[in-house]
Amino acid sequence: MKNLLAIFSLCFSSHAFTQEFTTPPPVKIEIAEEKKKLVDKLIKVTNFENYVYTYCKSIILQYAQQNKWDENKTKQIMENSNFKYFNQILYYTLKDDSKENLDDLIKSFEQLNQKRKPDEFLVPNNFQMQKDLIQFTINVMQGQYLINNQ
């Protein structure tokens, strides 16, 4: 009986440890095609991809200088990274908004950015998006979004 109890407790504890240390699968982003088109329009209206690229580039160049990266490493990261992956974060953030809300956002940003230069456009942002952008930049620096390894 003691042996059976020992085996049972060993199995139970090992199962508990695997549950605790197993990383969850990534969240699948499900967004309706119509909403995706609206978010894509918002990305275009706000020049959001340029914002992400400019932000990442400035952080990467600063990090490269501080850590004495050679020019080839910095160039490879900057030229071969796919910065469009960050659009997924915007899809995730706005997936629960109504179509009317997305239309209102688009109209508002069109109006706000009407007289601005493209590199001065206002972009949608919140704390979670900024946190995700920082993590995205770290992942880019680690080479996780390289298009091709040379």
Side-chain angles (χ1 to χ4, degrees), residues 11-150:
C11 290
F12 180 73
S13 63
S14 65
H15 177 69
F17 282 123
T18 58
Q19 292 296 319
E20 185 176 331
F21 296 114
T22 304
T23 57
V27 176
K28 184 178 180 185
I29 300 171
E30 293 183 18
I31 185 170
E33 190 62 33
E34 193 172 337
K35 282 187 179 180
K36 184 180 183 299
K37 287 178 183 179
L38 290 171
V39 173
D40 286 340
K41 186 172 181 180
L42 181 62
I43 289 169
K44 185 176 181 179
V45 164
T46 59
N47 204 9
F48 191 75
E49 288 178 358
N50 184 57
Y51 167 74
V52 170
Y53 177 78
T54 303
Y55 177 85
C56 289
K57 179 181 176 183
S58 67
I59 298 298
I60 291 168
L61 292 176
Q62 180 182 3
Y63 184 84
Q65 184 180 15
Q66 290 173 347
N67 292 283
K68 298 177 177 37
W69 281 6
D70 65 15
E71 193 173 320
N72 290 334
K73 181 176 181 175
T74 306
K75 186 176 178 182
Q76 180 186 13
I77 294 288
M78 291 306 303
E79 291 179 358
N80 295 315
S81 294
N82 190 345
F83 294 95
K84 289 188 176 192
Y85 280 114
F86 191 75
N87 290 355
Q88 295 294 317
I89 302 298
L90 203 54
Y91 295 144
Y92 183 75
T93 302
L94 300 172
K95 73 178 176 52
D96 294 327
D97 284 337
S98 68
K99 294 171 194 167
E100 295 79 20
N101 207 16
L102 290 172
D103 277 328
D104 289 345
L105 276 172
I106 291 167
K107 290 174 189 171
S108 296
F109 278 106
E110 280 177 332
Q111 187 177 6
L112 288 168
N113 290 331
Q114 197 171 31
K115 296 180 182 178
R116 294 177 180 267
K117 297 176 188 173
D119 61 339
E120 296 175 350
F121 279 5
L122 297 175
V123 296
N125 204 350
N126 63 25
F127 176 74
Q128 185 62 46
M129 287 173 59
Q130 187 61 36
K131 199 170 99 175
D132 291 341
L133 183 55
I134 291 167
Q135 185 59 51
F136 178 79
T137 306
I138 291 168
N139 293 345
V140 167
M141 287 189 288
Q142 293 172 346
Q144 292 184 23
Y145 293 104
L146 288 180
I147 297 169
N148 56 1
N149 285 328
Q150 296 175 338

For Gln142, look at atom CD and say whether over 12 heavy atoms of other residues, nucleotides or ligands are found less than 6.0 Å away.
yes

Do Lys99 and Lys35 have side chains that get closer than 4.5 Å, going by heavy atoms?
yes

Below 4.5 Å, heavy atoms only, C-beta onward: do Leu133 and Met129 meet side chain to side chain?
no

Would Met141 and Tyr63 count as a side-chain contact (heavy atoms from CB on, under 4.5 Å) here? Give the steps.
CA-CA 9 Å; Met141 287 189 288; Tyr63 184 84; 3.5 Å; yes

Under 30°, 30 to 60°, or over 60°: which ring-plane class applies to Tyr145 and Tyr85, parallel, tilted or perpendicular?
tilted

Tyr55 and Gln130: CA distance, side-chain angles, deciding distance, side-chain contact (heavy atoms from CB on, under 4.5 Å) verdict
CA-CA 11 Å; Tyr55 177 85; Gln130 187 61 36; 3.4 Å; yes

Do Leu94 and Leu42 have side chains that get closer than 4.5 Å, going by heavy atoms?
yes

Give me the one residue out of Asp132, Val140, Thr137, Ile43 that meets side-chain contact (heavy atoms from CB on, under 4.5 Å) with Phe86.
Asp132

Step by step, work out the side-chain contact (heavy atoms from CB on, under 4.5 Å) result for Gln111 and Lys107.
CA-CA 6 Å; Gln111 187 177 6; Lys107 290 174 189 171; over 6 Å; no

dist Gln114:CD -> Phe109:CZ (nearest 0.5 Å) comes out at 14.5 Å

Find out whether the Lys NZ or Arg CZ of Lys57 is both under 6.0 angstrom from the six-membered ring centre of Tyr53 and within 45° of the ring's axis.
no

Could you tell me whether the side chain of Leu146 reaches within less than 4.5 Å of the side chain of Ser81, counting heavy atoms only?
yes

For a 4.5 angstrom cut-off between non-hydrogen side-chain atoms, does Asp119 reach Thr54?
no

Can you give me the closest heavy-atom contact between Pro124 and Thr46, atom names plus distance?
CD-CG2, 3.7 Å

What distance separates Glu120 CD from Asn47 CG, expressed to the nearest 0.5 Å?
11.5 Å

Does atom CD of Gln65 have more than 12 heavy-atom neighbours, drawn from other residues, nucleotides or ligands, at distances under 6.0 Å?
no

d(Asp40 CG, Leu102 CG) to nearest 0.5 Å is 11.0 Å

Look at the side chain of Asp70 and the backbone N and O of Lys73, then say whether any donor-acceptor pair between them is shorter than 3.5 Å.
yes

Rounded to the nearest 0.5 Å, how far apart are CG of Asn113 and NZ of Lys115?
12.5 Å

Side chains of Lys41 and Val45 in contact at under 4.5 Å (non-hydrogen atoms)
yes

About how many Å separate CZ of Phe83 and CD of Glu49, when rounded to the nearest 0.5 Å?
11.5 Å

Mind checking whether Phe48 and Phe121 have ring centres under 6.0 Å apart?
no

Side-chain donor or acceptor of Asn67 paired with backbone N/O of Trp69 under 3.5 Å:
no

Gap between atom OG of Ser108 and atom CG of Leu122 - 0.5 Å precision:
11.0 Å

Do Gln135 and Asn139 have a side chain donor and acceptor closer than 3.5 Å?
yes

